[in-house]
*Asks:* 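What follows is a structure written as structure tokens; I'll ask about it next.
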Amino acid sequence: MKIEQIYTGCLAQGAYYIESDGEAAVIDPLREVQPYIEKADRRNAKIKYVFETHFHADFVSGHIDLAKKTGAEIVYGPTDMKLGFAAHIAQDGEEFQIGKAKIKLIHTPGHTMESSCYLLFNEEGNAEAIFTGDTLFIGDVGRPDLAQKVVADLTQEILAGHLYDSLRNKIMPLSDGLTVYPAHGAGSACGKNMSKETSDSLGNQKKTNYALQEMTKEQFIKEVITGLTPPPAYFPQNVMMNIEGYDSIDTVIERGVKPLTPVEFEAAANETGALILDTRAPQVFAKGFVPNSVNIGIDGSFAVWVGAMIPDLKQEILVVAEEGREEEVITRLARVGYDYAIGYLDGGIESWKQSGLEIDQIKSISADELSEIQKSNPDISILDVRKESEFQSEHVQDAENAPLDYINESMAKIDKDKTYYVHCAGGYRSMVFNSILRARGYDNLIDINGGFKDLKESEKFKVSDFVCPTTLL
């Protein structure tokens, strides 16, 4: 029997490939399904099932394409949702044979009402692992406030109560020796205190996971919902795509991977109202970009920030990328439901420059340069765009917090005629912030390269005393 965790760092997401005696199953696949198909083909195995732990909010699953391409059956736990595709709605305790191994569905409502875990019995008939989706993470449990965005009469308190019962009645009685394989790790917005580890024994989780300690249901509900911040706006839209269906990933890539000359690119931008998304590294972007571009670097938390910054999944997008990475960008946009990329700048920013078209820039300075500026002007305005919890934990004294997460509210704090020196933790988010505001006519924002890390390490700025953050979301 083979168990393989396929972890995608930019989404902090774990999919799973399970194989026994020529048959295979995939749990919570990403949208680009060809790697799973190729893996099974290399091993002369047939993918029999696509198991879904729940209707995912933070990414678009590959269940539909994978089923169409392999003939596999899609399986969900108990739900009354009307699906836009064929699927088997399983009952609590239902079992599925995969070669000589067996998987048992355990219905664990709480994160969402259909949330289910999959208990794997090996070829000797012994329970070996449990795939817990967003019910149980390493060090945390799934946040209970997402399903209420889709089903109005579900409150986070009701869902948290269901989660308490599911954990204590369905998960904790299981053997300590089981390996726990969750759907997410640290960096996901589906929980607030996840470990960087991507698997653990259930026994160790019973000892160390705060949510599995002895407490009343009321205490659990309070603990789980404390510190929750609003989820990214794209979450409910991804849920509905996973329920209702979507275009094939092949169609999405074909539509997006369309090379455009600079003249064609400019015409498309003017004629369609498409968003120009520049995915190069922040400091490379700052030195020269197509006017009105938004910078969200492909090598950072790309999917998360695209989802947070672009509210409409149907927004048409024109891509500027490093040469050779255009299809990667289109694919990673599609992972979170942005299916309407309509082309990319052929030859990248160099072709744009060579065409003689206008180039814009964002000024970026070091912590040392900012220190020299502050010496001559002590009243400069420093804008910290990290999360509120990060700011409260530690910040440059007299800096103002304007979180990127809530950019519209943060923008209201800014005077267009005033100069601001903008930083985040390391320089990724501040360039996202600066590029969006520059596209909206804010021309007096200066980026601090290296962010809070460099400001603090320079020892040239007064920093507040460290306070343990109240929330890690």
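Note that the numbering runs from 1 along the sequence shown for the chain. Values below: every heavy atom of this structure, side chains too, minus hydrogens, waters and symmetry copies.
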*Asks:* Taking atom CD of Glu264 as the centre, does the number of heavy atoms from other residues, nucleotides or ligands within less than 6.0 Å exceed 12?
*Replies:* yes

*Asks:* Can you name the nearest heavy-atom pair linking Leu260 to Gly343, along with the distance?
*Replies:* CD1-CA, 4.0 Å

*Asks:* Spell out, as yes or no, whether a donor-acceptor pair under 3.5 Å connects the side chain of Gln361 to the backbone of Lys287.
*Replies:* yes

*Asks:* Side chain of His111, backbone of Arg143: donor and acceptor closer than 3.5 Å?
*Replies:* yes

*Asks:* Does anything in residues 404-422 pair up under salt bridge (Lys or Arg N to Asp or Glu O under 4.0 Å), and if so which pairs, sequence neighbours excluded?
*Replies:* Lys387-Asp405

*Asks:* So which heavy atom on Ala15 is nearest to which on Pro29, and how close?
*Replies:* CB-CA, 4.2 Å

*Asks:* Counting N and O atoms only, with roles assigned by atom type, does the side chain of Arg335 sit under 3.5 Å from a partner on the main chain of Ala303, one being a donor and the other an acceptor?
*Replies:* no

*Asks:* Just by distance, do the side chain of Trp352 and the backbone of Glu358 share a donor-acceptor pair under 3.5 Å?
*Replies:* yes

*Asks:* Looking only at atom types and distance, does a side-chain atom of Tyr16 sit under 3.5 Å from a main-chain N or O of Pro182, one as donor and one as acceptor?
*Replies:* yes

*Asks:* Using modelled atom types only, decide if a donor and an acceptor are shared between the side chain of Asp65 and the backbone of Ile249 within a distance under 3.5 Å.
*Replies:* yes

*Asks:* Between Leu163 and Ser115, is there a side-chain heavy-atom distance shorter than 4.5 Å?
*Replies:* no

*Asks:* Between Val385 and Cys424, which heavy-atom pair has the shortest distance, and what is it?
*Replies:* CG2-CB, 3.8 Å

*Asks:* Is there a side-chain contact between Asp339 and Arg255 (heavy atoms, below 4.5 Å)?
*Replies:* yes

*Asks:* Answer yes or no: are there more than 12 heavy-atom neighbours, outside Asn377 itself, under 6.0 Å from its atom CG?
*Replies:* yes

*Asks:* Output the distance between atom CG (Asn401) and atom OH (Tyr406), rounded to the nearest 0.5 Å.
*Replies:* 11.0 Å

*Asks:* Is any side-chain heavy atom of Tyr338 closer than 4.5 Å to one of Val306?
*Replies:* yes

*Asks:* Strictly distance-based, threshold 3.5 Å: is any side-chain N or O of Gln5 a donor or acceptor partner for the main-chain N or O of Gly14?
*Replies:* no

*Asks:* Step through the shown structure and confirm whether more than 12 heavy atoms of other residues, nucleotides or ligands are within 6.0 Å of CG on Asp443.
*Replies:* yes

*Asks:* Going by atom type alone, with no hydrogens or angles, which donor-acceptor pairs under 3.5 Å involve a side-chain atom of residues 273-281 and a protein atom two or more places apart or on another chain?
*Replies:*
{"residue": "Asp278", "atom": "OD1", "partner": "Arg280", "partner atom": "N", "Å": "3.1"}
{"residue": "Asp278", "atom": "OD1", "partner": "Arg280", "partner atom": "NE", "Å": "3.0"}
{"residue": "Asp278", "atom": "OD2", "partner": "Arg280", "partner atom": "NE", "Å": "3.3"}
{"residue": "Asp278", "atom": "OD2", "partner": "Arg280", "partner atom": "NH2", "Å": "2.8"}
{"residue": "Thr279", "atom": "OG1", "partner": "Val320", "partner atom": "O", "Å": "3.1"}
{"residue": "Arg280", "atom": "NH2", "partner": "Gly288", "partner atom": "O", "Å": "2.8"}

*Asks:* Sorted by first residue and then second, give each side chain to side chain donor-acceptor pair (under 3.5 Å) pair with at least one member in residues 300-321; sequence neighbours left out.
*Replies:* none

*Asks:* Quick one: sort the Tyr76 and Phe85 rings into parallel, tilted or perpendicular, breaks at 30° and 60°.
*Replies:* tilted

*Asks:* Walk me through it: do Phe51 and Phe96 pass the test ring pair (Phe, Tyr, Trp, His ring centres under 6.0 Å)?
*Replies:* CA-CA 10 Å; Phe51 291 115; Phe96 302 85; 5.3 Å; yes

*Asks:* Should Ile18 and Tyr118 be marked as a side chain to side chain contact (heavy atoms under 4.5 Å, CB included) after you check the CA-CA gap, both sets of side-chain angles, and the distance that decides it?
*Replies:* CA-CA 12 Å; Ile18 302 156; Tyr118 293 96; over 6 Å; no

*Asks:* Once you round to the nearest 0.5 Å, how far does CD1 of Ile138 lie from OG1 of Thr198?
*Replies:* 7.5 Å

*Asks:* Would you tell me whether Ser61 and Asn242 have side-chain atoms, one donor and one acceptor, within less than 3.5 Å of each other?
*Replies:* no

*Asks:* Considering all heavy atoms of both residues, which atom of Gly77 and which atom of Ile89 are nearest to each other, and what is their separation?
*Replies:* O-CG2, 3.6 Å

*Asks:* Which heavy atom of Val319 sits nearest to which heavy atom of Phe265, and what is that distance?
*Replies:* O-CE1, 3.6 Å

*Asks:* Report the distance from atom CD of Glu254 to atom CD1 of Ile330, rounding to the nearest 0.5 Å.
*Replies:* 12.5 Å

*Asks:* Say whether Ser381 and Glu400, considering side chains only, have a donor N or O and an acceptor N or O under 3.5 Å apart.
*Replies:* no

*Asks:* Side chains of Gln283 and Asp447 only: does a donor on one sit below 3.5 Å from an acceptor on the other?
*Replies:* yes

*Asks:* Identify the residue among Phe137, Tyr17, Tyr7, Phe131 that makes a ring-ring contact (aromatic ring centres under 6.0 Å, His included) with Tyr181.
*Replies:* Phe131

*Asks:* Between Glu350 and Gln354, do the side chains contain a donor N or O and an acceptor N or O under 3.5 Å apart?
*Replies:* no

*Asks:* Side chains of Thr53 and Asp28: do they bring a donor and an acceptor to under 3.5 Å?
*Replies:* yes

*Asks:* Salt bridge or not between Arg429 and Glu390? Use side-chain N to carboxylate O under 4.0 Å.
*Replies:* yes

*Asks:* Are Glu19 and Lys39 within salt-bridge range, i.e. N to O under 4.0 Å?
*Replies:* no

*Asks:* Taking all heavy atoms of Ala186 and all of Ala12, pick out the closest pair and write down the distance.
*Replies:* O-CB, 3.4 Å

*Asks:* How are the rings of His54 and His56 set to each other: parallel, tilted or perpendicular (split at 30° and 60°)?
*Replies:* perpendicular

*Asks:* Counting neighbours of NZ on Lys258 that are heavy atoms of other residues, nucleotides or ligands and sit closer than 6.0 Å, is the number greater than 12?
*Replies:* no

*Asks:* Ser435 side chain to Met431 main-chain N or O, any donor-acceptor pair under 3.5 Å?
*Replies:* yes

*Asks:* Would Val33 and Thr70 count as a side chain to side chain contact (heavy atoms under 4.5 Å, CB included) here? Give the steps.
*Replies:* CA-CA 10 Å; Val33 300; Thr70 64; over 6 Å; no

*Asks:* Run Gln374 and Phe461 through side chain to side chain contact (heavy atoms under 4.5 Å, CB included) and show every step you take.
*Replies:* CA-CA 9 Å; Gln374 193 176 48; Phe461 300 87; 3.5 Å; yes

*Asks:* Inspect the contact between Lys69 and Asp250 and indicate whether a charged nitrogen and a carboxylate oxygen are less than 4.0 angstrom apart.
*Replies:* yes

*Asks:* With a 4.5 Å heavy-atom cut-off, do Asp58 and Val336 have their side chains touching?
*Replies:* no

*Asks:* So, Tyr246 side chain and Asn238 main chain: donor-acceptor pair closer than 3.5 Å or not?
*Replies:* no

*Asks:* How about Pro144 and Val224: do any of their side-chain heavy atoms sit closer than 4.5 Å?
*Replies:* yes

*Asks:* Test your reading of the model: is there a side-chain donor-acceptor pair from Arg31 to the backbone of Gly337, 3.5 Å cut-off?
*Replies:* no

*Asks:* How far apart are the C-alpha atoms of Phe302 and Ile296, what are their side-chain angles, what is the distance that settles it, and do they pass the side chain to side chain contact (heavy atoms under 4.5 Å, CB included) test?
*Replies:* CA-CA 6 Å; Phe302 178 70; Ile296 305 178; 3.8 Å; yes

*Asks:* Are Ser351 and Leu345 packed together at the side-chain level, in the sense that at least one heavy-atom pair is separated by less than 4.5 angstrom?
*Replies:* yes

*Asks:* With side chains defined as the heavy atoms from C-beta onward, is the minimum distance between Phe55 and Leu83 less than 4.5 Å?
*Replies:* yes

*Asks:* Ile253 versus Glu32: any side-chain heavy-atom pair under 4.5 Å?
*Replies:* no

